[in-house]
Amino acid sequence: MPTYHIWTIGCQMNKAESERIASRFEELGYEAAKSIDEADLIVLNSCVVRQSAEDRVINKLHDLRHLKKEKPDVILALTGCLVDSDTTHLKRSYPFIDHFFKAGDHPPWLEKADTLSLPHHPTPSVFVTISQGCDNFCSYCIVSYRRGRERSRPLEEIVCEVTELVRRGAKEVTLLGQNVDSYGHDLKGKPDLAYLLTGLNSIDGLARLRFLTNHPKDMSRKLIAAIAVLDKVCEQINLPVQAGSDEILQAMKRGYTVAQYRHLVAQIRQKVPEIAISTDVIVGFPTESEDQFRQTLDLLSGIKFATVHVAAYSPRPGTAAARDYEDDIPLDVKKARLAEVERLQEQIQTDINARLLGVTVEILVEGRNRGKWYGRTHTDKLVFFSSDRDSAGELVNIKIDKTSPWSLQGKIKSDNNYQEEK
Ligand code: SF4
């Protein structure tokens, strides 16, 4: 039987795409190779959002150049953010790669993805891409250039896919898009995310719905109301703020002010008080002064996010920021700012999680790691517990007896027997 290997780097959208490609290969009669060196067909699913990710992709491509010399029959394909519409330069730089295809595209040899290419035995928690590309052109981001303008998948297709995944065993679905808040604007009838969630909420057997990533300038009141009333939609939102200074937000071309962001958070918390809001922050954007960085710290201290994903700015060639600004914040300053955000956030998460000591939370068990079962709460907190029974895919209640900034531990209190109640 021919074998395949998919090497993936980057965001959840890339991981979801790789899962679909893997399922398609299996439908076509391939099986997963034990290692990349043993595969007959290798796909690199690339990311160029950060320099470090792009460097790893380039290193992997160099490895594959050697592999192709040793095994000329191996078929190599490159997809993900490194591939844009014009592949001329890539073909010139990497002539040993047999196929290039853009993220979300399906070359003839892979055929159009359909429900047949879904995993036969999905994990309890799965990702479903609802749109590709982004129209926002934030000044530091390469995604709008590489993934192209936003293209929403038809609503009926998504409902069909989720229904089928649930029939095959999935319990939790996370909808993915670069900006899920503008989902559907390019479709006939302009269905929006709230409408999509309402449709998915009624699927029998589905326990939980999540979605990411939101854009503060596009998140609607209608969506907030949907989160508040739809019982399967988890109380969790990823709402990247990126900076706490209006001048830096403007230079980033984010399309909102700090005051507008704070107002949005207040609206969300008023409608869904128990919600966990996470965010993304970039430190060391060109021209960011010490005072402007302090404004970011003030924002984080005031809002107290559930989690913060922080990155140091690195210029991406081809973006407006790389063209218009000198990368003028020294690396040691960027590193110090990043560490300061991490220290602050660790304290905030310590305090938030400590409040859960003695509380019983419901988790969806996703798997086992180092002898312990683990799963996530509605608010996306990672919880570990011990059990002799295989409870993967079940909703269980855990009484928390230990907390840390990054995860919780507890004892099983009762078992919701989700599967048996179906
Ligand atoms: S919203 Fe901005 S940061 Fe996010 S993918 Fe689009 S352009 Fe990039």
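Starting from 1, each residue takes its place in the sequence as its number. For ligands, and for the atoms within them, numbers begin at 1 and follow the listed sequence.
Side-chain atoms of N45 and T79 form no donor-acceptor pair, as typed in the model, at a separation below 3.5 Å.
Not less than 6.0 angstrom separates the ring centroid of F385 from the ring centroid of Y374.
Residues E290 and R294 are paired through a salt bridge, judged by an N-O separation under 4.0 Å between the basic side chain and the carboxylate. Between K71 and D40 there is no salt bridge, since no side-chain nitrogen of the basic residue lies less than 4.0 Å from a carboxylate oxygen of the acidic one. Taking the charged nitrogens against the carboxylate oxygens, E164 and R167 do have a contact shorter than 4.0 Å, which makes a salt bridge.
Inside a sphere of radius 2.8 Å centred on atom 8 (Fe) of ligand 1, the protein N/O/S atoms present are C141 SG.
The shortest distance between side-chain heavy atoms of N397 and I363 does not fall below 4.5 Å.
Identified under the side-chain hydrogen bond (donor to acceptor under 3.5 Å, both in side chains) test for residues 318-332, with sequence neighbours left out: D327-K334.
The closest approach between R254 and ligand 1 falls below 4.0 Å for a heavy atom of the residue.
Atoms of ligand 1 found under 4.0 Å from any heavy atom of H215, numbered from 1 in the order shown, are 1 (S).
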